[in-house]
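Here the structure is laid out as structure tokens; the discussion comes afterwards.
The first residue in the sequence is number 1, and the count goes up from there. This one's a predicted model, so the numbers in the text were calculated from it and none came from an experiment. Computed over heavy atoms, backbone and side chain alike; hydrogens, waters and symmetry mates excluded.
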Amino acid sequence: MTPPTEVRLALPGWISDTQWSEIAVPGDAAKVAVAVELSRRNVAAGTGGPFGAVIFGPDDHAVAVAVNVVLPQSSSLAHAEAMAYMLAQQRL
């Protein structure tokens, strides 16, 4: 058997259904509130653990949003912040 040569990780579909990057979010407290809301939705949807992460650009718009998908993706690397970093790197 040939060992796998590709790793694929995916976020829940409900994240792509929302337009996180369209709204400017000024201020640290508001930015943290977005991450908390992501974690709340992730638990409510049953799509992962209670962790969310957002990377904002200098214009206060989200570059990447992510949630913890360690268990659903069977990957110890699929933490919210790691997922957000990877998505931001792809987009930038």
Is Trp20 reachable from Val69 through a run of I, L, V, M, F, W or Y residues, each pair having side-chain heavy atoms under 4.5 Å apart? yes
Are Leu9 and Tyr85 grouped together when hydrophobic residues (ILVMFWY) are joined by side-chain heavy atoms under 4.5 angstrom apart? no
Taking the side chain as C-beta and beyond, is there a heavy-atom pair between Asn42 and Pro50 under 4.5 Å? no
Rounded to the nearest 0.5 Å, how far does CZ of Arg91 lie from CD of Gln89? 12.0 Å
Single-linkage hydrophobic cluster Trp14~Val65, side-chain heavy atoms < 4.5 angstrom: yes
Contact between Val67 and Pro12 at the side-chain level, heavy atoms closer than 4.5 Å - yes or no? yes
Which heavy atom of Val54 sits nearest a heavy atom of Ala62, and at what distance? CG1-CB, 3.8 Å
Is it the case that one hydrophobic cluster holds both Ile55 and Met86, taking links as side-chain heavy atoms less than 4.5 Å apart, direct or via other members? no
Given the rule that I, L, V, M, F, W and Y join up when any side-chain heavy atoms are under 4.5 Å apart, are Leu11 and Phe51 in one cluster? no
Would you mind listing every side chain to side chain donor-acceptor pair (under 3.5 Å) that reaches into residues 51-75, with sequence neighbours excluded? Lys31-Asp60, Asp59-His61
Side chains of Val25 and Phe56, heavy atoms from C-beta outward: is any pair under 4.5 Å? yes
Please find the pair of heavy atoms, one from Ala80 and one from Ala66, that lie closest to each other, and give the distance. O-CB, 3.4 Å
